[in-house]
Amino acid sequence: MAHLPSRRRLALAVPVALSLTASLGFLPAAASAAPRAASTAEAAEAGTLAYVVNTGVDHRTLESVKRAAVAHGGTIVTTYEKIGVIVVHSANPDFGKEIRAVRGVHSAGATRTAPLKAAGTTDEGAVQYLSKDEAAKVTQEAADGQEPLEADQWDLRAIGADQAAKINPGSRKVTVAVIDTGVDDTHPDLAPNFSAAQSANCVGGVADTTPGAWRPYNPDEDYHGTHVAGEIAAARNGIGVAGVAPGVKVAGIKVSDPNDGLFYPENVVCAFVFAADHGVEITNNSYYVDPWLYNCMDDPDQRAIVDAVNRAQLYAQGKGILNLASAGNSNHDLDADAIVDDSSPDDATPVTRTIDPHECFDVPTQLPGVVTVSATGVNNLKSYYSSYGNGVVDIAAPGGDRKYQIPDTPSQNGRILSTMPNNSYGFLQGTSMASPHAAGVAALLKSTHPWAGPQALQALLKAQADNPGCPASYDQDGDGTQDATCEGGPRVNGFYGFGIVNALRAVQ
């Protein structure tokens, strides 16, 4: 799964307890969601749904709202008092409507459209594992000083990460948290840099720090987070591959549901708050929050989702965290007047709707202060699948392109090689892979400039980027039709934002 939208980023300038409307000054009161799938009551069919209830942060208001939630048939799962978010389960089909009428409630809504059962990641296509024979061939072509499989890592060379590692591989005082499907910390390329103390399982909305709780539920299916973690911080230890920042620490915060693999809002709220409270400096978010690809502000459930996750990520920013997120794989112009969303809700039967990406928001990509990352291939050209948009994309990074940008490497694979569960390696592509490359460069910048807070770090990230400018033509399949239109100038444009990240420049 994939995708996203987004308007211009706004700096963090409001308390986390405020609603999204206050923190995103450009938001209108309504957003033309165009038709809803069905009412929450119809979708639930008297089953139990999860809700986020957003209120004030003072103790009296929180307690009053919690009592009201119980009185209206809710069960309190957890309360994030610092940001005024309460997670509730209820089988009352009118719970959302009733709790929104309670004094002190700012917004409230269901976080899914189907009843609770006993992922919306942004990788594109199935994984391709590196076989033992292929690995042996790549190893034979490794140069002196390279990791055994580094000859296939065109992405490191594209952004100067191989040279940057010789100057500054990153500081052990910097941790990047991978909010994802879980991380296999037993992988020999990840174990040296893994921070168990900053890792957790946030599925259900409550952090579980039991040893190993952060690992994938099913390693054969939930490999995404392990791949992302390796791109950021696989160690230079003479084994396998290397990460962009092989000297920093990496943590895993698991948020994907074990039943359907989706990334529900309460899980992501938990992840941002946990990261903020455990000394993380950077988070990588290669997903969109399910079940809505775009969350429209005139829908009470979708509005509550945006509000809750925004409170959590603003809280993380307030604790000094820079959040990065993938731009999505729909090849959508996110600055367009309209986009067709035919995938929402993805936990039930989708209903096709047309949305305005300036008014209906991808979460967390579009939230204020979050760095949006588009994907490029070996030729430093936007990947064929990557979404884009002038004033939307902040920066670009290697995400791979298996169709049109083929590297001169032993495997000649245009995708990204990284770690996989069970001590293996594989190729993936997507903006899911671009975001961790940018997160790795951000970690190098934080290592070089430890004083930099999230706003300064984002400015540094944009300043060191190389912008190739809009291409004269973007007709990759050669059919005579432009596959996407790049708008903007040589400094900032819709394909690359401020440019493609540069690891070597980041450490100089």
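- Side-chain atoms of R215 and N201 include no donor-acceptor pair closer than 3.5 Å.
- Separating the NZ atom in K249 from the OG atom in S199 is a distance of 10.0 Å, to the nearest 0.5 Å.
- Remark: D290 does not engage R112 in a salt bridge, criterion side-chain N to carboxylate O under 4.0 Å.
- For the residue pair Y315 and D277, a side-chain donor N or O sits within less than 3.5 Å of a side-chain acceptor on the partner.
- In this structure, Y288 and D346 approach most closely via the heavy-atom pair OH-OD2, 3.1 Å.
- D208 and T210 share a donor-acceptor pair across their side chains, judged by distance under 3.5 Å alone.
- With hydrogens and angles ignored, the 3.5 Å screen pairs a side-chain donor or acceptor of S374 with a backbone N or O of F495.
- Under 3.5 Å, the side chains of D335 and H358 contain a donor-acceptor pair of N or O atoms.
- Side-chain N or O atoms of S447 include one that pairs as donor or acceptor with a backbone N or O of S171 at under 3.5 Å.
- Listed here is the closest heavy atom pair of F272 and A312: CB-O, 3.6 Å.
- Heavy atoms from other residues, nucleotides or ligands lying under 6.0 Å from NZ of K97 number 12 at most.
- Side-chain N/O atoms of D307 and H106 include no donor and acceptor closer than 3.5 Å.
- D184 places no side-chain N or O within 3.5 Å of a backbone atom of P421 that could act as its donor or acceptor partner.
- When all heavy atoms are compared, the tightest approach of D356 to A336 is OD1-O, 4.2 Å.
- Here the closest non-hydrogen pair linking A439 and I282 is O-CD1, 4.1 Å.
- Between P436 and V178, every side-chain heavy-atom pair lies at or beyond the 4.5 Å cut-off.
- Nearest heavy atom pair, residue G399 against residue A375, reads CA-CB, 3.9 Å.
- The structure places OG of S330 at 8.0 Å from CD1 of I339, a figure rounded to the nearest 0.5 Å.
- The backbone N or O of G369 sits nowhere less than 3.5 Å from a side-chain atom of N323 that would complete a donor-acceptor pair.
- Between Q464 and V441, the closest side-chain pair of non-hydrogen atoms falls below 4.5 Å.
- Residues N331 and Y388 are in side-chain contact: their nearest non-hydrogen atoms beyond the backbone lie under 4.5 Å apart.
- Considering CG of D394 and OH of Y496, their distance stands at 16.0 Å, rounded to 0.5 Å.
- The two residues V289 and P364 have their closest heavy-atom pair at CG2-CD, 4.1 Å.
- Without hydrogens or angle criteria, D347 side chain to T113 main chain gives a donor-acceptor distance under 3.5 Å.
- Here NZ of K319 is found 13.0 Å from CD of E281. Values are rounded to the nearest 0.5 Å.
- Counting heavy atoms from C-beta outward, D185 and L190 have side chains that stay 4.5 Å or more apart.
- Side chains of D58 and T61: a donor on one and an acceptor on the other come within 3.5 Å.
- Counting only N and O atoms by type, the side chains of E81 and H59 include no donor and acceptor under 3.5 Å apart.
- The aromatic rings of H278 and F274 sit parallel, their planes meeting at an angle under 30°, below the 60° perpendicular limit.
- When atom types are taken as modelled, the side chain of N267 and the backbone of S256 share no donor-acceptor pair closer than 3.5 angstrom.
- Under the 4.5 Å side-chain criterion, counting only non-hydrogen atoms from C-beta, F361 is not in contact with N310.
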- Do V206 and E266 pass the side chain to side chain contact (heavy atoms under 4.5 Å, CB included) test, and can you show the C-alpha distance, the side-chain angles, and the key distance before you say yes or no? CA-CA 8 Å; V206 181; E266 61 269 30; over 6 Å; no
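- Contact annotation: the side chain of Y294 never approaches that of Q366 to less than 4.5 Å [non-hydrogen atoms, C-beta and beyond].
- In this structure, CD1 in I500 is found 12.0 Å from NE2 in H437, a value given to the nearest 0.5 Å.
- Between the side chain of T175 and the main chain of V280, no donor-acceptor pair closer than 3.5 Å is present.
- No side-chain donor-acceptor contact under 3.5 Å links Q313 to the backbone of V309.
- The backbone N or O of G400 lies less than 3.5 Å from a partner atom in the side chain of S383, making a donor-acceptor pair.
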- Task: Please assess S64 against R103 for the test side chain to side chain contact (heavy atoms under 4.5 Å, CB included), listing each intermediate value before the final yes or no.
- Result: CA-CA 9 Å; S64 175; R103 182 177 181 180; over 6 Å; no
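- For the pair L367/V306, a side-chain contact is recorded, criterion being any heavy-atom separation below 4.5 Å from C-beta on.
- A side chain to side chain contact (heavy atoms under 4.5 Å, CB included) with K66 is found for one member of T79, T55, V88 and no other, namely T79.
- Panel note: side chain T431, backbone S326; no donor-acceptor pair is recorded below 3.5 Å.
- For the atom pair K446 NZ and L322 CG, the distance stands at 9.5 Å (nearest 0.5 Å).
- A 4.5 Å side-chain heavy-atom check between F263 and T181 finds at least one atom pair inside the cut-off.
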- Chi angles and distances behind the side chain to side chain contact (heavy atoms under 4.5 Å, CB included) call for S286, D180: CA-CA 7 Å; S286 292; D180 215 294; 4.2 Å; yes
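- Judged by distance alone, the side chains of H187 and D189 never bring a donor and an acceptor atom under 3.5 Å apart.
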- Query: Which is it for L428 and V127 under the side chain to side chain contact (heavy atoms under 4.5 Å, CB included) test, yes or no, and what are the steps along the way?
  - Reply: CA-CA 5 Å; L428 282 170; V127 64; 3.7 Å; yes
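- Using cut-offs of 30° and 60° for the angle between ring planes, the W214 and F194 rings count as tilted.
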